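First up is the structure itself, then whatever we jot down about it.
This structure is a prediction, so every number in the text was calculated from the model and none was measured. Just so it is clear, the values below take in all heavy atoms, side chains as well, and ignore hydrogens, waters and symmetry mates.
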Amino acid sequence: MAGQLEFQLKAEKRRVALNVTQLVRLVRETLEVHLDECWVVGEISNARVAASNHLYFTLKDARSAISVVMFASSYRRLRFSVNDGMEVVVRGRVSLYEARGTLQFYAEEIEPRGLGALQLAYDQLKRRLSREGLFDAARKRKLPMVPRTIGIVTALGGAALRDMLRVLFDRWPNLRVIIRPATVQGSEAAAAIADAIDDLNADGRAEVIIAGRGGGSLEDLWAFNEETVARAIYRSAIPVVSAVGHEIDYTISDFVADLRAPTPSAAAQIVIPDKVDLCRRLDEIEATLGGAMRSASAGHRRQLTHLKVRVRDPRNLLRQARQRLDDAAGELGDAVLARVRGSRQVIRELAARFRTPQILAREPRLLASRLGMRLAQALAAQATPLRLAVERIGARLNEANLRALIAARRLRVEIVGARLNEAIDAALEKRRMQLGAAGQRLDAVSPLRVLERGYAVVFKAGDGHAVLNAQSVEVGDELNIRLNRGRLTARTTAREA
């Protein structure tokens, strides 16, 4: 053997002629008998997938090449894409294709050379989904602050489920949780996880979904690297939190999900706040809001008091106007008298200078007389409107009008103060109603309301854990039963799964 075929043709007494089909079949049978299954190393070229889903390619090295076919049954098991230029190791058998008489290698398994098949498939799928936009940060949604119902997709009996339930109920005891069990490991795990996510979306009660499992190897976590799961997370109308493995484990689901949690327990802490801390924060906000409203009310009252002080008495304004008018009239009279005295002095000087001609002395007297009359008329014309204006203002601003004006201003100030107090009372009442409604909603989802309708909560007496599955209780185990009023202690006598 060792790659060499020996053909021994026994001498015949007479010549035997073979047809082409017989010759090709003889060679094929000889190859299949003498050359068993083997591994071949080479580079892939001319790779193509036929309509029948069979894979055809050429495997070559520096000096030789051989045609290779991988049938659909084997091709479907490949986790990565076969591309030209890849260095691979192929397991299969060599034979002769009778229809064309060509040598052909029938591949059963292909492994990438230098890189594991799972890692190569992971890298290829990650690049392809990234190009399609499944990892875009713009499409990721915010989680609700306080979800009323949380859906969980994981294995029913796993430690990850127990850890998540413990954290969830410690942080919010009356939380509603919908568990959709799914296989998280194996060849059928990806389809099961995708179906579980679709079922929770169809149910519609969950406001956020946690999909995950505990830690393991790359093969153990591979279901969360499948395209089927990535597509289910992408089309989910409910925000999805991926919680797969440990903090160092990254899967395709982590990149597609709306949020990645390093562990299942961390996912439970992320999706629901601590109820005690939230109530404390609400109390602090209420106290801060009340203080701010009281401070604003006090500031408005101080402003009203300041405005009352700044409003002036109109009678003081009238007295000041009258005083300014009297001062102006006095100054005008003094100016007229000074002008008359100056004119008379001019006349006396002219008369003294021109005493002899009596005709010249008469003209200045006439001029002075006319000037005096004009000044008196001008003084009277200016003083009369001012007196009339003062009398009209005085008639308007009598004592009755002043009282009415002051009463109107006081009424306006009181109305503004009453409106401000009403607005403050309405704001406080609105906040009280909001707090009351929030308290009613919290009371509505309380587990005690469920107990009032005839339901009961069963705990194992040994560890105090809630009994969710009959398989977790053994015959003879002691149980504690919590009713609406009181508790009962029972012992298991039979069990039905």
Is there a side-chain contact between [X] and [Y], using heavy atoms and a 4.5 Å cut-off?
X      : Y      : result
Glu226 : Ile193 : no
Asp198 : Arg235 : yes
Arg260 : Val244 : no
Asp220 : Arg213 : yes
Ile252 : Val229 : no
Val256 : Val240 : no
Phe224 : Asp249 : no
Asn225 : Leu125 : no

Counting N and O atoms only, with roles assigned by atom type, does the side chain of [X] sit under 3.5 Å from a partner on the main chain of [Y], one being a donor and the other an acceptor?
X      : Y      : value
Asn201 : Ile197 : yes
Asp258 : Lys142 : no
Asp136 : Ala138 : no
Asp163 : Ala160 : no
Thr149 : Glu207 : no
His54  : Ala72  : yes
Thr288 : Glu284 : yes

Less than 3.5 Å apart, any donor N or O on the side chain of Asn174 or Trp172 sitting next to an acceptor on the other?
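Yes, Trp172 and Asn174 have a side-chain donor paired with an acceptor closer than 3.5 Å.
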Side chains of Thr492 and Asp477, donor plus acceptor under 3.5 Å:
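No donor-acceptor contact under 3.5 Å links the two side chains.
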Look at Arg419 together with Glu422 and state whether they make a salt bridge at an N to O cut-off of under 4.0 Å.
no
So that I can tick it off, tell me whether Asp277 and Arg171 are bridged by a salt bridge, with the cut-off set at under 4.0 angstrom between side-chain N and carboxylate O.
no
Counting only heavy atoms not in [X], do more than 12 fall under 6.0 Å of its [atom1]?
X      : atom1 : value
Arg141 : CZ    : yes
Arg487 : CZ    : no
Glu188 : CD    : no
Leu411 : CG    : yes
Tyr250 : OH    : no
Glu132 : CD    : yes

What heavy-atom pair brings [X] and [Y] nearest, and what distance separates the two atoms?
X      : Y      : value
Ala268 : Met164 : CB-O, 3.8 Å
Ile238 : Leu200 : CD1-O, 3.7 Å
Ala230 : Leu134 : O-CD2, 4.3 Å
Ala257 : Ile233 : CA-CG2, 3.7 Å
Leu143 : Pro239 : CD2-CB, 3.7 Å
Thr154 : Gly212 : OG1-O, 2.8 Å

Assess the residue pair Lys430 and Met433 against the criterion (side-chain contact (heavy atoms from CB on, under 4.5 Å)); give the C-alpha distance rounded to whole Å, side-chain angles, the decisive distance to 0.1 Å, and a yes or no.
CA-CA 5 Å; Lys430 182 179 179 181; Met433 292 177 65; 5.8 Å; no
Please report the C-alpha distance between Leu168 and Ile152 in whole Å, then the side-chain angles of each, then the deciding distance to 0.1 Å, and finally whether the side-chain contact (heavy atoms from CB on, under 4.5 Å) criterion is met.
CA-CA 11 Å; Leu168 289 173; Ile152 298 179; 4.0 Å; yes
Return the [atom1] to [atom2] distance between [X] and [Y], rounded to the nearest 0.5 Å.
X      : Y      : atom1 : atom2 : value
Asp195 : Thr183 : CG    : OG1   : 10.5 Å
Ser81  : Met86  : OG    : CE    : 8.5 Å
Leu282 : Gln434 : CG    : CD    : 11.0 Å
Ile44  : Asn83  : CD1   : CG    : 8.0 Å
Leu175 : Ile150 : CG    : CD1   : 4.5 Å
Arg205 : Arg148 : CZ    : CZ    : 12.5 Å

side-chain contact (heavy atoms from CB on, under 4.5 Å) between Lys460 and Val467, worked out:
CA-CA 7 Å; Lys460 295 180 70 174; Val467 177; 3.6 Å; yes
Does Arg139 make a cation-pi contact with Tyr234 (under 6.0 Å, within 45 degrees of the axis)?
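Negative - Arg139 is either too far from the ring of Tyr234 or too far off its axis.
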Under the salt bridge (charged side-chain N to carboxylate O under 4.0 Å, His left out) criterion, do Glu429 and Arg432 qualify, and how do the steps go?
CA-CA 5 Å; Glu429 183 62 25; Arg432 291 191 189 98; 3.6 Å; yes
With side-chain contact (heavy atoms from CB on, under 4.5 Å) as the test, would you mind laying out the steps for Val90 and Met70 before giving the verdict?
CA-CA 10 Å; Val90 184; Met70 174 178 267; 5.9 Å; no
